[in-house]
Amino acid sequence: MAAPKKSTNDKTGQKKKKDEKEEQHNNSNTHEHDHNHQHHDHTHGQACSHGHDHTHAHSHACNHGHGGGGGGCQHDHESNDPMSFGTSLYQFIDRKNIKCLNESVSAAGKGVFKAFDDRFDATVFVESDVDGELLFTVYFTAEVQLRSIQLTMHDQDSAPTLLQLWNDKADKIDFDNHTEHKCQQSIELAFDNQCEIHWKTSQHKFNDLTVLKMLFKKEDYDEDDNDTEIRLNYIGLKGDYKGPKSRRAVHTIYEAAANPNDHATVTSAQQKNEAKNNFIG
């Protein structure tokens, strides 16, 4: 006996049930996907919120200025763009001619401007002699822009607390007169013996740098208490190469802004000099 054929209504009903089942299945997958997506977003949001809060709290704690050139505690542990701190200026430092005043061992200051890979080498270091101060003169073989500074300190007791910077093209600042010249930037330092912090500079003030003065201090230094002197194991400078040192011709600048009266004065002086030489001869 032949099996009875299913009616059109039966086929329609089966198709309807099949469609409903597929729709339920799709809805279930969609709900599961949305749930996972929301869960991922929630987790990511928590991580981002924590990072922001940490940065905000850290900035708030360090957001205070220091007299004499602006500054405060400007540094970053991490950055999404490491290039914002610049690249190493090590190859442009004239290391043979670096000067360090008040170092306890002669020429020790030159040694702390090391290659980055040697930043944890504690066998090469510089230590202040008295008063908890070190004044460096750093010469560059080209014009550079200084963006950031990294330090490897030795321990809490010997860590400097203040760094003052001068863009000193004339190379005239020393311990005797540095208080007479306002520094371009003053940075309050936090302890860092892992060379993790980038101390950011005011880049526009160090845009055409050829001579850099760096004064490290311990602000709470007390000689009467036999206080520990400053000790540094590494100083790293980062920024950009700007070009070869420019030798500006003074006479060219003079001619560009010439004054006719000045020409008359120079001509008169030359004539008098020639007359005098002729008379002597």
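Cys100 is listed as a side-chain neighbour of Leu134, based on a closest heavy-atom distance under 4.5 Å. Looking at heavy atoms from C-beta onward, His154 lies out of side-chain contact with Thr228 at the 4.5 angstrom threshold. Taking the side chain as every heavy atom from C-beta outward, Val126 and Phe136 approach each other to under 4.5 Å.
Shown here are the ring-ring contact (aromatic ring centres under 6.0 Å, His included) partners of Tyr234, two or more places apart in sequence or in another chain: there are none. Under the rule for a ring-ring contact (aromatic ring centres under 6.0 Å, His included), Tyr139 has no partner lying at least two apart in sequence or in another chain. Taking Ser158 as the reference, Asp155 meet the side chain to side chain donor-acceptor pair (under 3.5 Å) condition, with sequence neighbours excluded. Take Asn207 and apply the side chain to side chain donor-acceptor pair (under 3.5 Å) test, not counting sequence neighbours, and it matches Gln145. Every residue two or more places apart in sequence or in another chain that forms a side-chain contact (heavy atoms from CB on, under 4.5 Å) with Thr210 is listed here: Glu143, Lys169, Lys245. Looking at residues two or more places apart in sequence or on another chain, you find a side-chain contact (heavy atoms from CB on, under 4.5 Å) between Lys213 and Thr137, Trp166, Asp168, Asp171, Ile173, Val211. Applying the salt bridge (charged side-chain N to carboxylate O under 4.0 Å, His left out) criterion to Asp227, with sequence neighbours excluded, gives Lys218. Annotation: side chain to side chain donor-acceptor pair (under 3.5 Å) contacts of Asn97 (sequence neighbours excluded): Asp94. Among residues two or more places apart in sequence or in another chain, the side-chain contact (heavy atoms from CB on, under 4.5 Å) test is passed with Gln91 by none. Residues passing the side chain to side chain donor-acceptor pair (under 3.5 Å) test with Asp220, sequence neighbours excluded: none. In this view, Glu229 and Glu127, Ser128, Tyr221 satisfy the side-chain contact (heavy atoms from CB on, under 4.5 Å) rule, not counting sequence neighbours.
Not a single donor-acceptor pair under 3.5 Å links the side chain of Arg147 to the backbone N or O of Phe206. The backbone N or O of His178 lies less than 3.5 Å from no partner atom in the side chain of His181, so there is not a single donor-acceptor pair. Side-chain atoms of Lys205 come within 3.5 Å of backbone atoms of Gln184 as a donor-acceptor pair (strictly under, hydrogens ignored). Judged by distance alone, the side chain of Asp174 and the main-chain N or O of Asp176 form a donor-acceptor pair under 3.5 Å. Between the side chain of Ser104 and the main chain of Asp129, no donor-acceptor pair closer than 3.5 Å is present.
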For side-chain contact (heavy atoms from CB on, under 4.5 Å), just list the numbers for Leu237 and Leu212, CA-CA rounded to whole Å, side-chain angles, deciding distance to a tenth of an Å, and then say yes or no.
CA-CA 11 Å; Leu237 306 178; Leu212 174 67; 4.2 Å; yes

Evaluate the side-chain contact (heavy atoms from CB on, under 4.5 Å) criterion for residues Lys242 and Asp208: first the C-alpha distance (whole Å), next the side-chain angles of each, then the deciding distance (0.1 Å), finally the verdict.
CA-CA 7 Å; Lys242 302 298 290 185; Asp208 53 352; over 6 Å; no

Give the C-alpha distance, both sets of side-chain angles, the deciding distance and a yes or no for side-chain contact (heavy atoms from CB on, under 4.5 Å) between His198 and Lys238.
CA-CA 9 Å; His198 285 83; Lys238 287 187 174 182; 3.1 Å; yes

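If you chain together hydrophobic residues whose side chains sit under 4.5 Å apart, Leu209 and Leu215 never meet in one group. Put simply, Leu135 and Phe140 are part of two different groups of oily side chains (I, L, V, M, F, W, Y) that touch within less than 4.5 Å, one to the next. Phe191 and Trp199 fall within a single hydrophobic cluster, where Ile, Leu, Val, Met, Phe, Trp and Tyr side chains are chained together by heavy-atom contacts under 4.5 Å. Connection of Phe125 to Leu189 is not established within any shared hydrophobic cluster, with ILVMFWY side chains joined at heavy-atom distances below 4.5 Å, either directly or through further cluster members.
How far OG1 of Thr152 is from CG of Asn193: 8.0 Å, rounded to the nearest 0.5 Å. Rounded to the nearest 0.5 angstrom, Gln194 CD and Gln150 CD are separated by 12.0 Å. Once rounded to the nearest 0.5 Å, the distance linking OG1 of Thr179 with NZ of Lys182 reads 14.5 Å. Here Ile235 contributes atom CD1 and Arg119 contributes atom CZ; the two are 15.5 Å apart, rounded to the nearest 0.5 Å. Here the CD atom belonging to Gln203 is positioned 8.5 Å from the CG atom belonging to Leu146, to the nearest 0.5 angstrom. Separating the CG atom in Leu232 from the CD atom in Glu103 is a distance of 12.0 Å, to the nearest 0.5 Å.
Contact detail for Gly243 and Ala142: the closest heavy-atom pair is O-CB, 3.4 Å. Residue Lys200 comes nearest to Ile187 through the heavy atom pair O-CD1, 4.0 Å, listed as atom of the first residue, atom of the second, then distance. Scanning all heavy atoms of the two residues, the minimum distance from Asp240 to Leu89 falls at N-CD2, 3.8 Å. Scanning all heavy atoms of the two residues, the minimum distance from Leu151 to Ile149 falls at CD2-CG2, 4.0 Å. Pairing each heavy atom of Gly132 with each of Ile230, the nearest pair is O-CD1, 3.1 Å. In terms of heavy atoms, Gln164 sits closest to Ser186 at CG-OG, 3.9 Å.
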Output side-chain donor-acceptor pairs under 3.5 Å for residues 107-117, partner residues at least two apart or in another chain, one line each.
from	atom 1	to	atom 2	distance (Å)
Lys110	NZ	Lys96	O	2.8
Lys114	NZ	Asp121	O	2.6
Lys114	NZ	Val124	O	2.9
Lys114	NZ	Asn233	O	2.7

